[in-house]
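Because the structure is predicted, anything quoted here is derived from the model rather than measured.
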Amino acid sequence: TTPWIGTSARDGADGDRILAAGPDAAIVDRVEYANLDAGELYRLAAVLMDKGTGEPVRDGDGRPVTAEKVFAAAELRGFEEVTLSFDATALSGDVVVFEALYKEGSDDPVATHEDMDDYYQTVRIYPPRIGTSLADGADGDKQVVAEETVRLVDTVSYSNLVPGREHTVTGALMVAGADGADPVPLAVPATDGDGNALLSEDGEPVLAPVTAEATFMPESAAGTVEVVFEFPGSAIAEDMALVAYEKLWRAGAEIASHEDPADPNQTVVVVAPRIGTTATDGADGDKGIEAAASAVIDDAVAYE
């Protein structure tokens with residue numbers, strides 16, 4: 001008749017044992033108990049442990065992540081659920097829920113379940129990841145022409161997200177630096193809500209970085225979302241390399257980023273339209289034409 005508890009911890013978002021790192025993580029621990037005094041009040045105290053270090057997981061203020069629940073015991077057997085809510089943005093790896101059961105008003109536990117190697121007490125945290133592929137919106141290749149309005153589409157692939165939660169991808173276009181120099185933001189003249197150019201006190205155009213964002217609700221942990229950049233072609237020049245920098249946000253916190261100036265998948269190059277021509281005699285296709293009252297010259301124009 002010794003009091004006994006056993007626990008099973010799961011991700012509060014979808015009930016499995018895999019949790020996506022983020023600011024609003026929750027682990028639900030189902031605690032089964034037996035041999036308690038029916039009708040008496042008991043207190044469950046849970047603490048989240050880092051399996052890698054053997055120390056408690058701590059929140060942003062340095063305090064251990066804990067939760068408690070007071071309940072009246074059922075006859076012989078029953079169960080209760082304890083929810084630990086915490087910021088898991090910077091976490092990865094295995095975390096383990098330790099539980100201790102106290103009779104209300106006492107500081108001496110009547111039962112504990114604190115096994116660092118217990119599979120059922122363990123949840124694995126995976127950090128969200130994103131990768132991007134930037135392309136010309138006109139034809140999907142890696143070359144862009146400085147037209148009046150340029151449209152670039154960045155396809156952002158993601159993994160380890162929480163399905164059904166709102167996420168936002170924010171992107172910025174950067175100009176790759178020459179000879180290993182750091183990229184700088186691509187800037188264009190800023191406008192007001194009516195499309196009028198904004199001027200500084202000196203009468204100079206106010207420049208603004210080229211940015212874009214997309215808010216989405218993933219149906220599964222992995223997938224893709226498109227971020228579309230549109231800007232005037234006057235802001236770019238031939239041979240300029242443009243790189244898309246992307247950040248992923250949830251609940252106001254940055255949970256992933258992809259900002260690699262050397263990644264060819266994130267890069268497009270500005271090219272100028274070119275033509276080359278070959279003129280021939282329309283009569284026989286050679287380079288000589290007969291002096292006559294009526295003549296035809298065919299010019300084959302190759303463009304790229």
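- A continuous path of hydrophobic side-chain contacts links L134 to L186 [ILVMFWY only; heavy atoms under 4.5 Å].
- Look at R58 and D50 and you find no salt bridge, because none of the NZ, NE, NH1 or NH2 atoms lies under 4.0 Å from a carboxylate O.
- For the pair T112 (side chain) and E114 (backbone), a donor-acceptor distance under 3.5 Å is absent.
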Exercise for the section: Start with the C-alpha gap between V150 and V144, add the side-chain angles, then the distance that decides, and say whether side-chain contact (heavy atoms from CB on, under 4.5 Å) holds. Expected result: CA-CA 8 Å; V150 176; V144 60; 3.5 Å; yes
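- For the pair V70 and E104, the tightest heavy-atom approach, listed with the atom from each and the gap, is CG2-OE1, 4.0 Å.
- In this structure, H258 has no ring pair (Phe, Tyr, Trp, His ring centres under 6.0 Å) partners at least two apart in sequence or on a different chain.
- Applying the salt bridge (charged side-chain N to carboxylate O under 4.0 Å, His left out) rule to pairs touching residues 288-304 yields nothing, sequence neighbours excluded.
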Practice task
Kindly determine whether V169 and K247 satisfy side-chain contact (heavy atoms from CB on, under 4.5 Å), including the steps that lead there.
Solution key: CA-CA 6 Å; V169 175; K247 295 179 182 292; over 6 Å; no
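- If you run ring-ring contact (aromatic ring centres under 6.0 Å, His included) between Y33 and each of Y42, F71, F79, only F71 comes through.
- Taking D263 as the reference, nothing meets the salt bridge (Lys or Arg N to Asp or Glu O under 4.0 Å) condition, with sequence neighbours excluded.
- In this structure, Y245 belongs to a hydrophobic cluster whose other members, linked by side-chain heavy atoms under 4.5 Å apart, are M174, V243.
- In this view, D107 satisfies the side-chain hydrogen bond (donor to acceptor under 3.5 Å, both in side chains) rule with no residue, not counting sequence neighbours.
- Paired with S8 under the rule side chain to side chain donor-acceptor pair (under 3.5 Å), one option of E81, R17, R30 passes, and it is R17.
- The main-chain N or O of D118 is found under 3.5 Å from a side-chain atom of T122 such that the two form a donor-acceptor pair.
- Checked by atom type, the side-chain pair T168/T215 shows a donor-acceptor distance below 3.5 Å.
- Remark: side-chain polar atoms of K69 are not paired, donor with acceptor, to backbone N or O of T83 under 3.5 angstrom.
- Residue pairs that meet the ring-ring contact (aromatic ring centres under 6.0 Å, His included) test with at least one member in residues 157-176, sequence neighbours left out, are Y158-F216, H167-F216.
- Under the 4.5 Å side-chain heavy-atom criterion for ILVMFWY residues, a single connected hydrophobic cluster contains both V270 and F229.
- Atoms CG and CZ, on D16 and R10 in that order, are 8.0 Å from each other to the nearest 0.5 Å.
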Exercise for the section: May I have the step-by-step check of side-chain contact (heavy atoms from CB on, under 4.5 Å) for T211 and T170, ending in yes or no? Expected result: CA-CA 7 Å; T211 61; T170 59; over 6 Å; no
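- Under a 3.5 Å cut-off, the side chain of D59 and the backbone N or O of V65 do not form any donor-acceptor pair.
- What you find for I18 and D14 is that their closest heavy atoms are O-OD1, 4.2 Å.
- Between K103 and D37, at least one side-chain N (NZ, or NE/NH1/NH2) sits under 4.0 Å from a carboxylate O, which counts as a salt bridge.
- Under the 4.5 Å side-chain heavy-atom criterion for Ile, Leu, Val, Met, Phe, Trp and Tyr, L41 and L101 are members of distinct hydrophobic clusters.
- Side-chain atoms of E166 never come within 3.5 Å of backbone atoms of M217 as a donor-acceptor pair (strictly under, hydrogens ignored).
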Problem - Criterion side-chain contact (heavy atoms from CB on, under 4.5 Å) on V97 and L48, from CA distance to verdict - result: CA-CA 5 Å; V97 182; L48 192 62; 3.8 Å; yes
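- In the hydrophobic cluster analysis, where Ile, Leu, Val, Met, Phe, Trp and Tyr join through side-chain heavy atoms closer than 4.5 angstrom, L161 is grouped together with V227.
- What you find for G171 and E246 is that their closest heavy atoms are CA-OE1, 3.0 Å.
- Rounding to the nearest 0.5 angstrom, the gap separating the CG atom in L152 from the CD1 atom in I236 is 7.5 Å.
- Taking 4.0 Å as the cut-off between side-chain N and carboxylate O, R77 and E32 do not count as a salt-bridged pair.
- Linking ILVMFWY residues whenever their side-chain heavy atoms come closer than 4.5 Å, directly or via other members, leaves V28 and V162 in distinct clusters.
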